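Note that this is a predicted model, so its numbers are computed, not measured. Values reported hereafter were calculated over all heavy atoms of this structure, with side chains retained and with hydrogens, waters and symmetry mates removed.
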Amino acid sequence: RSAANPILVYDTTTLQAVNSGRDKHYKLVADVDASGTNWVPIGGISLYFTGSFDGGGHEVTYEIAGEATGGNLGLFGYIGDTGEVKNLAVAGEIAVNRPYSTYAGGVAGNSYGSVTDCFSSVTVSVTSPATSSVGGIVGDMLGGSIERCIADGDVAVSGSSPPRAGGIVGIVQSSCTLRDNVALNP
């Protein structure tokens, strides 16, 4: 499938199936409420999301709680350098306590890719003694871009040394483009 003829996502099952085709093109065609499950992020270390995901202006609600098994937390765990997420709203909560480094954001835990025209009201809270980063949109920006995004969920990290939290992104680690974003986080 191509970006012009994407795979349609319309419920929790088809949304989670994106993990089986991380290099494909997708379009969300309905709001999806995945809050009744402990969400497993799309993509992770060495399993990057490298396709495209057009939210179509729809919203995904999800939650990640407790001691999550992975350290890259968000709707997407890891967006690779060719990955693109756009026109998406996310809501819900990430509230984890982990002994390891954790990178968490409303849209993605880590990103090398492109995040555009997204809105996050996800509350992000990480407790960890290891270095961790949390952001309203992306926790750890390793490259790529975030443009025209809005975040208004609370973000907090505790126990981490150093603690890294930001309204849009927790930390920028290399050359990135951040343009026309708004953080309304309390």
Side-chain angles (χ1 to χ4, degrees), residues 1-10 12-29 32 34 39-62 64 68-92 94 101-120 122 124 132-151 153 155 166 168-181:
R1 299 254 185 153
S2 67
N5 185 24
I7 299 166
L8 302 182
V9 176
Y10 50 86
T12 304
T13 301
T14 55
L15 181 61
Q16 194 62 68
V18 174
N19 250 327
S20 299
R22 291 177 302 278
D23 61 344
K24 310 268 187 270
H25 302 281
Y26 299 90
K27 182 163 187 176
L28 189 63
V29 295
V32 174
W39 179 251
V40 176
I42 298 165
I45 293 288
S46 72
L47 301 171
Y48 309 141
F49 177 76
T50 57
S52 68
F53 190 95
D54 182 347
H58 294 284
E59 180 176 80
V60 174
T61 303
Y62 70 95
I64 301 172
T69 56
N72 305 298
L73 306 176
L75 183 64
F76 292 83
Y78 219 118
I79 299 172
D81 62 354
T82 61
E84 176 186 18
V85 177
K86 64 182 182 179
N87 306 321
L88 175 67
V90 289
I94 300 171
S101 293
T102 304
Y103 308 98
V107 175
N110 280 291
S111 183
Y112 280 100
S114 168
V115 179
T116 309
D117 297 318
C118 291
F119 174 81
S120 174
V122 175
V124 183
S132 297
S133 301
V134 301
I137 301 294
V138 173
D140 189 0
M141 195 72 184
L142 301 162
S145 64
I146 300 174
E147 298 185 63
R148 297 182 305 279
C149 291
I150 299 171
V155 293
I168 297 296
V169 63
I171 188 169
V172 175
Q173 296 208 43
S174 62
S175 179
C176 302
T177 300
L178 298 171
R179 182 178 300 129
D180 299 327
N181 300 296

Check whether any side-chain heavy atom of Val29 lies under 4.5 Å from a side-chain heavy atom of Val9, and answer yes or no.
no
Residue pair Val169 / Ile137, side-chain heavy-atom distance below 4.5 Å
no
Is any side-chain heavy atom of Ile150 closer than 4.5 Å to a side-chain heavy atom of Ser120?
no
In terms of heavy-atom contacts, does CZ of Arg179 have more than 12 from other residues, nucleotides or ligands at under 6.0 Å?
no
When rounded to the nearest 0.5 Å, the distance separating OG of Ser20 from CD of Gln16 is 8.0 Å
Do the side chains of Thr12 and Tyr62 get nearer than 4.5 Å, heavy atoms only?
no
Can you list the steps and then say if Val85 with Thr116 is a side chain to side chain contact (heavy atoms under 4.5 Å, CB included)?
CA-CA 6 Å; Val85 177; Thr116 309; over 6 Å; no
Treating Ser132 as the side-chain partner and Thr102 as the backbone partner, does any N or O pair qualify as donor plus acceptor under 3.5 Å?
yes
Flag the pair Trp39 / Leu15 as yes when at least one side-chain heavy-atom distance between them is below 4.5 Å, and no otherwise.
yes
Partners passing ring-ring contact (aromatic ring centres under 6.0 Å, His included) against Phe119 (at least two apart in sequence or in another chain):
none
Consider only side-chain N and O atoms of Glu147 and Asn181, and report whether a donor and an acceptor are under 3.5 Å apart.
no
Closest heavy-atom contact between Ile64 and Pro41?
CD1-CG, 3.9 Å
When you compare the side chain of Asp54 with that of Leu28, does any pair of heavy atoms fall below 4.5 Å?
no
Hey, does Val40 have a side-chain heavy atom less than 4.5 Å from the side chain of Asn19?
yes
Between the side chain of Tyr26 and the main-chain N/O of Gly21, is any donor-acceptor distance below 3.5 Å?
yes
Quick check: do Asn87 and Cys118 have side-chain heavy atoms less than 4.5 Å from each other?
no
When every non-hydrogen atom of Gly139 is compared with those of Ser133, the smallest separation belongs to O-CB, 3.3 Å
Identify each donor-acceptor pair in which a side-chain atom of residues 70-82 lies under 3.5 Å from a protein atom, sequence neighbours left out, and give them as a table.
from: Asn72; atom 1: OD1; to: Asn110; atom 2: ND2; distance (Å): 2.2
from: Thr82; atom 1: OG1; to: Thr50; atom 2: O; distance (Å): 3.1

So, taking the atom named NZ in Lys27 and the one named CG in Leu88, what distance separates them when rounded to the nearest 0.5 Å?
12.5 Å
Cys176 side, atom SG; Met141 side, atom CE - distance, nearest 0.5 Å
4.5 Å
Rounding to 0.5 Å, atoms CZ (Phe49) and OG (Ser111) come to a distance of 10.5 Å
Set out, in order, the CA-CA distance, both residues' side-chain angles and the distance that settles side chain to side chain contact (heavy atoms under 4.5 Å, CB included) for Val122 and Ile94, then state yes or no.
CA-CA 7 Å; Val122 175; Ile94 300 171; 4.1 Å; yes
Indicate the atoms forming the closest heavy-atom contact of Val172 with Ser174, along with that distance.
CG1-O, 3.3 Å
Charged N to carboxylate O below 4.0 Å: is that the case for Arg148 and Asp180?
no
Test side chain to side chain contact (heavy atoms under 4.5 Å, CB included) applied to Cys149 and Asp117, step by step:
CA-CA 5 Å; Cys149 291; Asp117 297 318; over 6 Å; no
Going by atom types alone, do His25 and Ser2 pair a side-chain donor with an acceptor below 3.5 Å?
no
